[in-house]
Amino acid sequence: QVQLVESGGGLVQPGGPLTPSCAASGGTFSTYAMGWFRQAPGKEREFVGSINAGGIITTYVDSVKGRFTIPRDNAKKSVFLQMNSLKPEDTAVYYCAVRTTTYMSSRLTDFHSWGQGTQDTVSS
């Protein structure tokens, strides 16, 4: 069973950066694809981005392309969500999730374990 713990959320002004992180324990992290999702108040949880096990291939929802990237450090069993040029509409609880295969996905149901979430707020 893989367990995930997020950290690094917070409050940032519009246009600023924020980089939440996600640390994994259990399982074989280097063989798992990872994903980031977010849920804004009153809305359903939505896909943000995903990275394959090797850390070479990524995919993102259109609304964050060019602003967000997902690096991972397999040696430290960690994945990050580098967010730049943040907008108020990016405000949400952000969740990391693990998919126990090597291939990334954008579907919520393809992911097997979830972190507790971290609140990221973009406001002046």
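Keep in mind it's a predicted model, so treat the numbers as computed, not measured. What's counted below: heavy atoms across the whole structure, side chains too, no hydrogens, waters or symmetry copies.
- Taking every heavy atom of both residues into account, Met104 and Asn52 meet most closely at CB-N, 4.1 Å.
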Before you tell me yes or no, could you show the steps for Phe68 and Asp90 under side-chain contact (heavy atoms from CB on, under 4.5 Å), namely the whole-Å CA-CA distance, both residues' side-chain angles and the distance that decides it to 0.1 Å? CA-CA 11 Å; Phe68 291 12; Asp90 294 317; 4.0 Å; yes

Is there a ring-ring contact (aromatic ring centres under 6.0 Å, His included) between Tyr95 and Phe37? Walk through the geometry before answering. CA-CA 5 Å; Tyr95 299 89; Phe37 293 77; 8.7 Å; no

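- The shortest side-chain heavy-atom distance between Ile70 and Trp36 falls under the 4.5 Å cut-off.
- Smallest separation of non-hydrogen atoms from Thr121 and Gln119: OG1-NE2, 3.3 Å.
- Between Leu11 and Ser123 there is a side-chain heavy-atom pair separated by less than 4.5 Å.
- Comment: Arg38 does not engage Asp120 in a salt bridge, judged by the lack of any side-chain N to carboxylate O separation of less than 4.0 angstrom.
- Residues Tyr94 and Leu81 form a side-chain contact, since some pair of their non-hydrogen atoms from C-beta on lies under 4.5 Å apart.
- Side-chain atoms of Trp114 and Leu108, non-hydrogen and from C-beta on, do get closer than 4.5 Å to each other.
- Among pairs with a residue in residues 73-87, none fulfils salt bridge (charged side-chain N to carboxylate O under 4.0 Å, His left out), at least two apart in sequence or across chains.
- The distance from the CE atom of Met34 to the OG1 atom of Thr58 is 14.5 Å, given to the nearest 0.5 Å.
- The minimum heavy-atom distance between Tyr32 and Thr28, with the atom names listed, is OH-N, 3.2 Å.
- Side-chain contact between Ser21 and Ser78: absent, with no pair of heavy atoms (C-beta onward) separated by less than 4.5 Å.
- Nearest heavy atoms, Thr19 versus Phe80: CG2-CB, 4.1 Å.
- Every residue meeting the side-chain hydrogen bond (donor to acceptor under 3.5 Å, both in side chains) condition with Asn74, not counting sequence neighbours, appears here in chain and number order: Arg72.
- A 6.0 Å sphere centred on CD of Glu89 holds more than 12 heavy atoms belonging to other residues, nucleotides or ligands.
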Please lay out, stage by stage, how Leu86 and Gln13 fare under the test side-chain contact (heavy atoms from CB on, under 4.5 Å). CA-CA 8 Å; Leu86 282 163; Gln13 292 187 341; over 6 Å; no

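- Of the listed residues (Val79, Asp110, Val61, Thr59), just one forms a side-chain contact (heavy atoms from CB on, under 4.5 Å) with Ser50, and that residue is Thr59.
- The number of heavy atoms from other shown groups lying within 6.0 Å of CD (Gln3) does not exceed 12.
- Residues Pro20 and Ser7 fail the side-chain proximity criterion, which asks for heavy atoms closer than 4.5 Å.
- In this structure, a donor-acceptor pair under 3.5 Å is present between the side chains of Gln82 and Thr69.
- Residues Ala24 and Val2 share a closest heavy-atom pair of CB-CG1, 4.3 Å.
- For the residue pair Leu4 and Gln116, the shortest heavy atom distance occurs at O-OE1, 3.8 Å.
- No donor-acceptor pair closer than 3.5 Å links the side chain of Glu44 to the backbone N or O of Gln39.
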